[in-house]
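Notes follow the structure.
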Amino acid sequence: MIKQILNEIYQLLFERFGPQHWWPGDTQFEIIIGAILAQNTNWTNVEKAITNLKAADCLNPEKLYHLDISRLAELIRPAGYFNIKAKRLKSFLNWLFENYDGKLSNLESLDTIRLRDELLAIKGVGRETADSILLYAFNRPIFVVDAYTARVAVRHGLIEPGADYEQLRELFQSNLPENVQLFNEYHALLVRVGHEFCRPKARCPGCPLEKLPHNLDAEYF
Ligand code: SF4
């Protein structure tokens with residue numbers, strides 16, 4: 001039953017919105033930096049910060065690793081929380097250089113669980129960020145969840161209110177085929193419907209999932 005509903009949700013979202021082309025980014029490194037900068041802000045602000053890094057010719061591991069942290073904070077200012085995010089970027093880079101010779105290619109041989117554990121051990125890298133990096137930068141079959149995912153899943157009766165990140169991830173991962181492209185598109189589509197329709201105050205009329213049973217009384221957090 002859950003598999004069927006998850007499949008229906010995907011089909012309806014894809015029919016309405018089409019491919020979302022995630023994650024925007026020219027290189028694997030840019031995707032990782034974008035995932036770290038995306039915490040608590042919108043994508044437009046992340047893009048401005050990335051544009052600044054590119055304009056300063058700093059968007060590669062070597063240059064960013066050696067860049068002064070106050071200069072880095074200045075460049076990523078548009079992404080918000082720039083001092084904290086500069087420290088997070090430096091933490092990631094320190095880990096990469098101290099353990100993997102500064103080369104993303106050296107991470108490819110790590111199995112997904114080990115890579116996930118190591119990313120989560122970096123200060124400031126939470127589950128959503130680590131999983132975004134795994135899925136979108138390393139093409140690993142990890143389902144990324146966020147507040148939008150929780151809201152849609154609870155309102156459509158797929159999971160109990162109050163479910164935590166790992167329970168939500170498990171819901172999707174254990175009921176969908178293990179397929180990187182599917183996970184990629186599905187997460188992006190949930191963000192889209194959450195952004196446009198499934199907001200804290202739901203806008204069900206006109207939503208692609210309107211015809212599926214849903215319950216707006218369910219608290220999702
Ligand atoms: S807005 Fe309504 S129909 Fe759309 S996903 Fe949310 S609960 Fe479902």
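Worth saying up front: this structure is predicted, and the values here are computed from it rather than measured. Each ligand, and each atom within it, is numbered from 1 in the order the structure gives. Any value given below was found using the heavy atoms of this structure, including those in side chains, with hydrogens, waters and symmetry copies removed.
Around atom 8 (Fe) of ligand 1, the protein atoms of type N, O or S found under 2.8 Å away are H156 NE2, listed by chain and number.
The ring of W43 has its center no closer than 6.0 angstrom to the ring center of W22.
If you number the atoms of ligand 1 from 1 as listed, the ones under 4.0 Å from a heavy atom of L216 come out as 7 (S).
A salt bridge links D26 to K54: one of the charged nitrogens lies within less than 4.0 Å of a carboxylate oxygen. Salt-bridge formation is detected for the pair R169/E166: a Lys NZ or Arg NE/NH1/NH2 atom is positioned less than 4.0 Å from an Asp or Glu carboxylate oxygen.
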> Stepwise, does the salt bridge (Lys or Arg N to Asp or Glu O under 4.0 Å) test hold for E74 with R77?
Replying inline: CA-CA 5 Å; E74 194 184 309; R77 180 182 280 266; over 6 Å; no
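Counting only N and O atoms by type, the side chains of Y165 and D131 include a donor and acceptor under 3.5 Å apart.
Counting only distance, with no hydrogens or angles, the side chain of H156 and the backbone of P213 share a donor-acceptor pair below 3.5 Å.
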